[in-house]
Structures are given as structure tokens and as C-alpha cells.
Amino acid sequence: MNVLVVGGAGYIGSHVVRALLDASHTVRVYDNLSSGLRRNLQPEAEFVHGDIGDALALRSAMRGIDAIVHLAAFKAAGESMIAPEKYSINNISGTINLLNAAADMDVHRIVFSSSAAVYGEPEYLPVDETHPTNPTNYYGFTKLEIERIMAWYDSLRGIRFAALRYFNAAGYDTQRRITGLEQNPANLLPVIMEVAVGRRPALKVFGDDYETVDGTGVRDYIHVTDLADGHVRAVDKLAEEDRSFTVNLGSETGLSVLQIVEAARNVTGRPIATEIVARRPGDPARLTASATQARETLGWTARYSDVESLVRTSWFAYQQLLA
Ligand code: UD1
């Protein structure tokens with residue numbers, strides 16, 4: 001198929017492009033390079049430098065396209081509470097532009113990068129897709145709102161969507177082909193890696209008094225190569241069946257902050273200093289996924305999301321900073 005990957009130069013997008021190419025799809029990347037990186041562009045994919053706000057450019061990028069994977073969005077939950085306008089425009093209005101262009105250009109399949117942030121504070125674990133949606137930050141709200149808009153475009157314009165609710169994406173391409181590092185990362189594993197290479201003095205651990213295995217926050221980390229595989233399967237599924245669906249993509253395993261730090265010390269051989277600080281507002285103690293739906297709908301399971309693979313593949317990417 002001819003697949004347009006909007007946001008295909010970003011951290012997750014570039015891995016999705018790689019997986020689509022590996023599965024013999026033809027790929028066109030559309031990205032404004034605001035956080036995406038030129039070095040993430042894969043030579044076999046066509047590149048269109050454009051913004052999701054540019055309705056005309058989007059339309060022309062959709063010529064000859066069979067399916068869209070949409071990952072163009074801001075994703076910092078904390079920032080979304082301080083600068084909601086940015087998230088309204090890029091995430092919500094941007095997606096409306098994209099849907100309008102798709103309707104206009106007769107593209108009827110969209111795989112959307114959603115998030116576990118749509119659920120908010122978990123009421124039970126593991127979180128399945130029927131869990132109430134009650135986002136606790138504006139970023140999560142934008143993802144939920146987009147899912148709702150897509151449901152309307154499904155019934156009114158026949159655009160079928162796959163909403164993939166990611167848990168905590170981490171790691172780098174298991175075949176080491178993508179090495180573009182995120183700028184100013186706030187997520188746990190890249191921050192740990194920056195400590196390992198000496199870019200930061202210590203990891204600030206946001207609270208060690210949660211009711212968890214060691215008092216630190218527990219999350220469901222999903223390897224980006226596994227995530228990418230989920231997108232390829234979702235593209236194929238939308239082509240096979242004329243039906244929209246929403247699934248979690250998670251490893252179904254909880255890892256604490258300190259468990260990851262420990263694994264990182266083993267893999268890197270570096271001390272990785274930590275400093276316990278106050279809890280970060282809005283952080284739940286634990287968040288883990290049920291991935292039953294993804295298994296049943298897509299035949300998908302996480303294969304590289306063990307702590308060792310998460311850390312080892314990240315370390316490979318970050319070692320370039322030591323060169
Ligand atoms: C958040 C969002 C999620 C979003 C993801 C990507 C929520 C509830 N979650 O996940 O929707 O897709 O970011 O941006 O909004 N930690 C530290 N020190 C650090 C960084 C993190 O201790 O310097 C801890 C956190 O407290 C947490 C865990 O590490 O327990 C993971 O944090 P993080 O990587 O920021 O992801 P989430 O907040 O889980």
C-alpha cells in the first residue's frame with residue numbers, strides 16, 4: 001500500500017516508517033521537523049516538508065495514498081497544562097485539517113497515535129479499553145477529543161480509523177537503524193540515558209512513597225519496535241476489514257523507576273546517580289495495560305518490551321553522545 005506517515009520524522013514515527021518499509025509498503029513522510037529530525041528520515045521513503053496546519057499541502061501529499069498513519073502532535077503532558085493553546089491548535093485543529101483533507105482526497109483509512117493518557121487516574125488495573133476515560137491533563141484530553149471526532153468522521157464520511165492507545169513508549173530500533181535522539185526529553189528512559197552519558201548530574205526520582213514494589217512509580221513500558229509493529233498490523237487490518245477499532249498497545253508488565261535504573265546500571269556499567277524529590281503532580285502510582293484487544297484484533301504481542309531490551313537499545317542510541 002501507499003502510506004502517508006504524518007509526523008514520520010519523530011521518535012515513534014521514524015520507527016513506524018521503518019516497519020512499514022520492512023513490510024514492503026511504499027511510504028511518504030509528511031513532517032514539519034519541529035521536533036522530528038532529518039537524520040530520522042529513511043532513504044527509501046519520500047519526504048514532504050509540511051505542517052499539519054497547511055490544508056493545501058496536506059491535500060497534495062495525500063495524492064495516491066491508500067492509508068494514513070497520523071502521529072503529528074505535541075506530547076508533553078506537563079506543558080499541555082501551561083500552554084493548552086499550542087495543544088489545541090496542533091493536536092486538535094491539526095487533526096481536523098487532516099480529516100478534512102482525507103475526506104476530500106478519498107483516503108478512507110487512518111491509524112491514529114492515541115495515548116493511555118485518555119484514561120486518567122486508573123480505577124482498576126490492568127486498564128482495558130472499556131475503562132472510563134477521564135484525562136487528568138490537557139494533552140490526554142486532546143487525544144480523547146480526536147478519537148471522538150474520528151468516530152463522527154467514520155459515520156459521516158466513511159473514514160475508518162484505528163486508535164492505538166500507547167502506554168509508555170521507550171527503546172530504539174532493535175536493528176539499530178534509527179539513532180535520532182529526542183531534544184530536551186522529559187520521559188524516564190531518555191533522562192536516565194542522559195545521566196548515563198554525563199549530560200545530567202542525576203535522575204530526579206519523582207517520589208518514593210507510592211504503594212508500589214519499592215515506592216517509586218510503576219508504568220507499562222512498551223518497546224518502540226513493538227509499537228511500530230502494531231501500526232503495520234493496524235494498517236493491514238483496516239484494509240482487510242471495513243471497521244474502525246480502538247486498542248491499547250502495552251506490554252502488560254509493570255516496571256518501577258528504580259527497577260529501570262538498576263537495569264540501566266547493569267547495561268551501561270555507569271553509576272547513574274539518583275535524587276529522590278517530591279511526587280510530580282498528576283502522576284498515578286501504577287499504570288499497566290491489558291493488551292487482550294490488540295492480541296485479538298491484530299494478532300499483536302509485545303516481543304521486545306522486557307527491561308533489558310528497552311535499556312540496551314536505548315543505550316546503543318545514546319552512546320553516540322560519547323563519541
Ligand atoms: C506521560 C503521559 C503519557 C504520555 C507520555 C509521553 C500522563 C499520565 N502520562 O507518561 O500520556 O504519552 O508521558 O510523553 O500524562 N519519572 C521520574 N523522573 C523523571 C521522569 C519520570 O521519576 O525525570 C517517573 C515518573 O514519575 C513516572 C515514570 O518515571 O513514574 C514515567 O514517567 P514519564 O516517562 O514522564 O511518563 P508518564 O508520565 O508515565
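Just so we're clear, the structure is a prediction, and the values are computed from it rather than from any experiment. For ligands, and for the atoms within them, numbers begin at 1 and follow the listed sequence.
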Examine the proximity of ligand 1 to [X] and report which part, side chain or backbone, both or neither, has a heavy atom under 4.0 Å away.
| X | result |
| --- | --- |
| L203 | side chain |
| K204 | backbone |
| L287 | neither |

- Message: Determine whether any protein heavy atom is located less than 4.0 Å from atom 9 (N) of ligand 1.
- Response: no
Provide, to 0.1 Å, the distance between [atom] and the closest protein heavy atom, together with that atom's residue and name.
| atom | answer |
| --- | --- |
| atom 15 (O) of ligand 1 | N137 ND2, 2.8 Å |
| atom 14 (O) of ligand 1 | K75 O, 3.1 Å |
| atom 25 (C) of ligand 1 | D283 OD2, 3.5 Å |
| atom 38 (O) of ligand 1 | R280 NH2, 2.7 Å |

Under a heavy-atom criterion of less than 4.0 Å, does [X] contact ligand 1?
| X | result |
| --- | --- |
| Y221 | yes |
| A76 | no |
| A186 | yes |
| Y166 | no |

- Query: If hydrogens are left out, which of N187, V191, V257 has an atom nearest to atom 13 (O) of ligand 1, that is, the closest non-hydrogen atom?
  - Reply: N187
- Note on the structure: Closest to atom 12 (O) of ligand 1 by heavy-atom distance, out of F206, F167, Y139, is Y139
- Item | Cationic N near anionic O, under 4.0 Å, D173 to R176 | no
- Salt bridge between R165 and E147, side-chain N to carboxylate O under 4.0 Å? yes
Pull out every atom of ligand 1 sitting under 4.0 Å from any heavy atom of [X], numbered as shown with elements.
| X | value |
| --- | --- |
| N168 | 10 (O), 31 (C), 36 (O), 37 (P), 39 (O) |
| V205 | 22 (O) |
| S115 | 11 (O), 12 (O) |
| A117 | 11 (O) |

- Are K75 and Y139 in a cation-pi setup, meaning NZ or CZ lies under 6.0 angstrom from the ring centre and within 45 degrees of the ring axis? no
- Task: Kindly confirm or rule out a cation-pi arrangement of R286 over Y210, judged by NZ or CZ under 6.0 Å from the six-membered ring centre and within 45° of its axis?
- Result: no
Under 6.0 Å between ring centres: does that hold for [X] and [Y]?
| X | Y | result |
| --- | --- | --- |
| Y172 | Y11 | yes |
| H231 | Y166 | yes |
| Y87 | Y138 | no |

- Would you check the N or O atoms of A77, main chain and side chain alike, for any that come under 3.5 Å of an N or O of ligand 1? no
- Message: Please check whether L188 reaches ligand 1 - meaning an N/O of the residue sits under 3.5 Å from an N/O of the ligand, judged on distance alone.
- Response: yes
- Hey, what do you get for OG1 (T216) to CZ (F206), rounding to the nearest 0.5 Å? 12.5 Å
- Is there a donor in the side chain of H70 and an acceptor in the side chain of T95, or the other way round, less than 3.5 Å apart? yes
- Message: Under 3.5 Å, is there a donor on one side chain and an acceptor on the other for D128 and S290?
- Response: no
- Which pair of non-hydrogen atoms, one from P201 and one from A273, has the smallest distance, and what is that distance? O-CB, 3.7 Å
- Note on the structure: Nearest heavy-atom contact between V235 and V3 is CG1-CG2, 4.3 Å
